[in-house]
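These notes are about the structure you will find just below.
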Amino acid sequence: MPSGFVHDIINLTFIIFASLLYFFLPYDYYPFFLLGFTFSTFLLSPDLDLSYSKVSKRWGILKIFLYPYFFLSSHRGISHAFILGTLIRYFYLILLLLFFLSIYIYFGKKSLDLSFLKVLKHYILIYKYHILFFLLGGVVADTIHIILDRICSYEKKIYVRKLNVKNYRKF
Ligand SMILES: [Zn+2]
């Protein structure tokens, strides 16, 4: 597996390439694409399935809320699936937000005002393309990550095979 640092350097390089997409993506949505790309690269990459990965450590004290995610996804499992992995991580973030919201309501002894759901739906509809491009940025960043992982593990396999053959000839 490429180290977290290597992933960051490579992703930063890709951010420069992603900047070139500026010329191909709609002007209004491009910043959201870049934001999603950067967010996925540094805080929500597929390596969030490892408690000791660089991306997990960036969560600081909030890392404790990632333990269910560490527990549920084996390394290079569903977290490293194309598109699905990205969507699952965003779904997990939404679940976390709902969890905090219910704690706030319970301890704050607030009554749940369901009208906020209407407001939320209203804004989601208005900003649906912004959200879509944000997600697309995440999907692109995660896809680069997954491809790099696969290339590196393939090269590692070849290296180990070569090493074994050499050792075999020695004896
Ligand atoms: Zn990875």
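Atoms within each ligand, like the ligands themselves, are counted from 1 in listed order.
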Atom of His145 nearest the Zn ion (ligand 1) (restricted to N/O/S, atom name only): NE2

Name of whichever N/O/S atom of His80 is nearest to the Zn ion (ligand 1): NE2

Nearest to the Zn ion (ligand 1) - the N/O/S atom of Asp149, by atom name: OD2

Side-chain heavy-atom pair Asp28, Phe133 within 4.5 angstrom cut-off: no

Phe32 side chain near Tyr127 side chain, heavy-atom distance below 4.5 Å: no

Residue Asp47 atom name (nearest to the Zn ion (ligand 1); N/O/S): OD1

Phe99 atom CZ, over 12 foreign heavy atoms within 6.0 Å: no

Check: Leu101 and Leu97 side chains under 4.5 Å, non-hydrogen atoms: no

